[in-house]
Peer 1: 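Let me give you the structure first, and then I'll get to my questions.
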Amino acid sequence: MITLKLNGREVRAQEGQTILEVAREHGVRIPTLCYLEGLSPRGSCRLCLVEVRNWGGKLVPACATQVEEGMDVVTHNERINRIRRLVLEMLFVERNHICAFCVSSGHCELQDLAVELGMDHVTLPYRYPGLAMDLSHEDYGIDHNRCVLCGRCVRACSEVEGAFTWGFQGRGIQIQVAPDLGGPWGDSETCTSCGKCVQACPTGALFEKGVGTAAQTKRPEVILEVTERRPRV
Amino acid sequence: MSRIEVLLCAGTACLSSGAREVKAALLEALAEEGLTGEVRIVETGCMGPCELGPIMLVYPEGIYYIRVKPADVREIVREHFLKGRPVRRLLWAGELPESKEIPFFSRQLKVVLANCGRIDPEDIEEYIAVGGYEALSRVLTEMSPEDVIEEIKRSGLRGRGGAGFPTGLKWELVRMAEGSPKYIICNADEGDPGAFMDRAILEGDPHAVLEGMAIAAYAVGAQHGYIYVRAEYPLAVQRLETAISQARRYGLLGEGILETDFSFDVEIRVGAGAFVCGEETALIASIEGRRGEPRPRPPYPARSGPFGKPTLINNVETFANVRHIVVRGADWFSSIGTEKSKGTKVFALAGQVKNTGLVEVPMGITLRELVYDIGGGAPNGKKIKAVQIGGPSGGCLPESLFHLPVDYEALTEHGAIMGSGGIIVLDESACMVNVAKFFLEFTSEESCGKCTPCRVGTKIMLGILERIARGEGTEEDLVRLEELGHMIRDASLCGLGQTAPNPVLSSLRYFRDEFLAHIRDKRCPAGVCPDLIHYVVVPELCRACDRCRQACPTGAAQGTPGNPPYRIELSACINCGACFDACPFGAIERRPGRKER
Ligand SMILES: Cc1cc2nc3c(=O)[nH]c(=O)nc-3n(C[C@H](O)[C@H](O)[C@H](O)COP(=O)(O)O)c2cc1C
Ligand code: SF4
Ligand code: SF4
Ligand code: FES
């Protein structure tokens, strides 16, 4: 057992647990986006950053950082809130998230985060890169303009389905998810059309074709349901 | 025995300026004069002042020839080698002759670079003759791993790859980490543009790095090492390969080193060259065959490196220091430098100074000594106004801070970093808005794109800087730049994003008036930003030669040949500067401030 401080309160945790897991057990909500239960943590969106006071105030991703003995963790304060808001704004302006036109409106984790963090307007300039859509797959489509680069599709595809279809391509602001290192999704030789990427996607980037906005609900929980039924290796 | 020894620099820069041709000419001239047996030619690693190559150092006198061309060689052989009269016109700064008398050398302290330019890096015997592998042998026969770690800790050596983490402490963490096997990685990715300290060490003294790695392996309990070198360094790779196979033949790598039961071997990995692949976790991902992308730390490599195994990762220069600490002792090492920064540091000195190239200085030397004594000051009588220190994510320090010592803490406290050792000297012709923009362009292009603050934030900052450079910025933009800069520094996943705002934040801190001139007065004081300058003809200097009119693509430069002065019609001028470049009389002036539209 490990003892640490969570927002000033002493709590006990198992060795190997992440800060996020411990916080959830104690009813402390930390916003997340790239994290999805059942997948390995990526620590990339930076929404779950928390401050470790006795590490010189270093900010670490709660989803990807294991608890250590004596750690003094703060999950919410002025500095953290400001940073989370800016991260979220950055995600909003990076591509195109005009919710009114999105198939996932009402079921989008990004939209929910905006509400949770009280982000009612954006102060950064929009980029609107105007990226292409790939509708070549029989059942599914991807609109890169809605992608937040969380990599949940990539991990669902490799870690759960074992198909390794999705991967990242390019770097910096040019980075994109791509099937089989580029090329239309419909031509993919590895894709099994299982749809796990679509379920895992937090926004309207990956969607099921021919399904209207109202019905475009996703079930990211399936990832955990599938992995829990499996013997762990 | 040869009477004369010629050290010919065969570093990458000298090779490209013609060292091979010089060598061929030398062999020919020596044969002609019947001196072949009397003169020994040694091809060495980089000697430092790369701009002056090809470089030839002649012993026993220690005479330093620069910019030697094949056509000069016969004169050197006849005059110097036969008659004992050095060829003055090829000497450094015309001075005679010992390199000790040249300030560029006398202010330096060569420890890590001591062998570079002195021995043949392709011959292990030469390395051994100057004391090579003595440290390894002493460690294996007289010291326990704990002794070695204690000695490195006591020396105060800190990582030379950028962050300056105490090396002995890192070794101890790896030694104590649970798991096996353990790995050693030498980080030779060296992605900073313009940096070549690690390349020079690998090309000039590869065995020193291997010896340091072997000692580290013994100390932490590892048997396998990787050297991760960038693909752009073929000569370094080749010399390392030669060194590794020679070391194996001599029983200095492989099974049962020096007839003890210690075994260690090294494998070279050639990296694809993205800047971010020098970051330790990205480098490890790349060694494992995955996309070269950083991951959050902790866990640090000391606990979880390639394949989840405890791993020691150090920079080339860090490893190259190790043998000297073992042989000369921790006390000697820690006597050099400041309270918390010990030993020497190699820098690549560049920009507006007379002497550029590779230099090794004791820690604690001031920036002023670096710029004026070693660098020789400004080459063109212009005033030096800043140094940009620490590579693309370093900071810009103004002339008023040139009393600062080269010291990890002092540099960080003032908004710069030691980094891996890049220094660019800037004079008054540099625009700090442009400098900040230049470095941020680099880091935002090199961002791997994984985490939000670095991927998106650096681009937003760049957009603001571009606006300011066009004269469209506002004073709120400066506040925004600072806010974003601090956020990206705190919230990014890896060191790239965490340091990317440094050039902008430090320029804002010390050169805010230049930003304000762009914003309030629509003027670029240094006359660099194309939207905030204009060109005029100085009537007294114009000779009506018509060159400007011919060069101008828009017809803005106007006049009649033979009838001065010409003039520039600003409404048609696009600020391309073609007239400025074309005028043979310097009659066209570039002035700060937007032209009247
Ligand atoms: C973007 C980035 C690039 C880096 N590139 C290098 C490099 O080229 N060489 C290097 O030794 N360290 C580099 N580092 C630092 C390494 O991550 C690591 O700290 C270093 O290799 C540790 O060795 P040291 O303790 O001997 O300095 C880089 C770090 C970052 C964030
Ligand atoms: S497509 Fe969806 S799941 Fe995949 S990276 Fe983009 S937002 Fe994440
Ligand atoms: S800070 Fe930049 S380079 Fe580092 S992980 Fe984030 S996006 Fe990649
Ligand atoms: S949820 Fe932890 S970094 Fe994205």
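Residue numbering restarts at 1 for every chain, and letters A, B, ... go by the order of the sequence lines.
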Peer 1: Using a cut-off of 6.0 Å, state whether more than 12 heavy atoms not belonging to A/Glu15 lie near its atom CD.
Peer 2: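 Open: at most 12 neighbouring heavy atoms sit under 6.0 Å from CD of A/Glu15.
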Peer 1: Tell me, side chain or backbone of B/Arg297 under 4.5 Å from chain A's heavy atoms, or both, or neither?
Peer 2: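 The answer is the backbone of B/Arg297.
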Peer 1: Give a yes-or-no answer on whether the side chains of B/Ser492 and A/Arg46 include a donor-acceptor pair shorter than 3.5 Å.
Peer 2: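 Judged by distance alone, the side chains do not pair up.
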Peer 1: Would you indicate whether A/Lys5, at its atom NZ, is surrounded by more than 12 heavy atoms from other residues, nucleotides or ligands within a distance under 6.0 Å?
Peer 2: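 Open: at most 12 neighbouring heavy atoms sit under 6.0 Å from NZ of A/Lys5.
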Peer 1: Please determine whether the number of non-hydrogen atoms from other residues, nucleotides or ligands lying under 6.0 Å from atom CZ of A/Arg24 exceeds 12.
Peer 2: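 Correct, the count exceeds 12.
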Peer 1: Distance-only, no hydrogens or angles: does the A/Arg171 side chain make a donor-acceptor pair with backbone N or O of B/Glu446 under 3.5 Å?
Peer 2: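 Looks like no, no N/O pair under 3.5 Å.
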Peer 1: If I measure from the heavy atoms of chain A, does B/Pro298 come under 4.5 Å with its side chain, its backbone, both, or neither?
Peer 2: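 Contact with chain A is through both the backbone and side chain of B/Pro298.
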Peer 1: Could you walk me through whether B/His486 and A/Arg79 pass the side chain to side chain contact (heavy atoms under 4.5 Å, CB included) check?
Peer 2: CA-CA 11 Å; B/His486 293 138; A/Arg79 171 184 181 220; over 6 Å; no
Peer 1: Does any heavy atom of chain B fall under 4.5 Å from the side chain of A/Val93, the backbone, both, or neither of them?
Peer 2: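 Side chain only.
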Peer 1: State, to 0.1 Å, how close A/Ser44 and B/Leu493 come at their nearest heavy-atom pair, and which atoms those are.
Peer 2: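 Scanning both residues completely, I find the closest heavy atoms to be CA-CD1, 4.3 Å.
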Peer 1: Tell me, for A/Arg42 versus chain B, whether the close heavy atoms (under 4.5 Å) come from the side chain, the backbone, both or neither.
Peer 2: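 Both backbone and side chain.
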Peer 1: Tell me, for A/Gln66 versus chain B, whether the close heavy atoms (under 4.5 Å) come from the side chain, the backbone, both or neither.
Peer 2: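 Answer is side chain: those atoms of A/Gln66 sit under 4.5 Å from chain B.
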Peer 1: Can you tell me which of A/Ile83, A/Leu86, A/Thr65 forms the most heavy-atom pairs within a distance under 4.5 Å of chain B?
Peer 2: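 With the most close heavy-atom pairs to chain B, the winner is A/Leu86.
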Peer 1: When only pairs under 4.5 Å are counted, which of A/Val60, A/Leu47, A/Leu124, A/Val148 shares the most heavy-atom pairs with chain B?
Peer 2: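 With the most close heavy-atom pairs to chain B, the winner is A/Leu124.
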Peer 1: Applying a criterion of heavy atom separation less than 4.5 Å, what residues of residues 277-295 of chain B form contacts with chain A?
Peer 2: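 Interface residues of residues 277-295 of chain B: B/Arg291, B/Glu293.
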Peer 1: Looking at every heavy atom in both B/Asp490 and A/Leu59, which two are closest together, and how far apart are they?
Peer 2: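 Of all heavy-atom pairs spanning B/Asp490 and A/Leu59, the closest is O-CD1, 3.6 Å.
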Peer 1: For B/Glu339, is the CD atom crowded, meaning more than 12 foreign heavy atoms sit under 6.0 Å from it?
Peer 2: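 No.
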Peer 1: Just wondering, are more than 12 heavy atoms of other shown residues or ligands nearer than 6.0 Å to NZ in A/Lys58?
Peer 2: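 Counting neighbours around NZ of A/Lys58, more than 12 heavy atoms of other residues, nucleotides or ligands fall under 6.0 Å, so yes.
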Peer 1: Who in residues 447-466 of chain B is close to chain A, using a strict under-4.5 Å heavy-atom cut-off?
Peer 2: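 Under the 4.5 Å heavy-atom cut-off, B/Ser447, B/Cys448, B/Gly449, B/Lys450, B/Cys451, B/Thr452, B/Pro453, B/Arg455, B/Val456, B/Gly457, B/Lys459, B/Ile460 qualify.
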Peer 1: Around atom CZ of A/Arg53, are there more than 12 heavy atoms of other residues, nucleotides or ligands at under 6.0 Å?
Peer 2: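 For A/Arg53, atom CZ is not crowded (no more than 12 foreign heavy atoms under 6.0 Å).
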Peer 1: Pick one of side chain, backbone, both or neither for A/Glu51, based on which atoms fall under 4.5 Å of a heavy atom in chain B.
Peer 2: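 Neither the backbone nor the side chain of A/Glu51 comes within 4.5 Å of chain B.
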Peer 1: Need one label for A/Leu49: side chain, backbone, both or neither, based on atoms under 4.5 Å from any heavy atom in chain B.
Peer 2: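 Interface part for A/Leu49: side chain.
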Peer 1: Would the number of heavy atoms belonging to other residues, nucleotides or ligands and lying under 6.0 Å from CZ of B/Phe438 be above 12?
Peer 2: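 Atom CZ in B/Phe438 is not crowded, with 12 or fewer foreign heavy atoms closer than 6.0 Å.
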Peer 1: May I have the step-by-step check of side chain to side chain contact (heavy atoms under 4.5 Å, CB included) for B/Arg480 and A/Thr123, ending in yes or no?
Peer 2: CA-CA 10 Å; B/Arg480 201 82 246 238; A/Thr123 59; 3.1 Å; yes
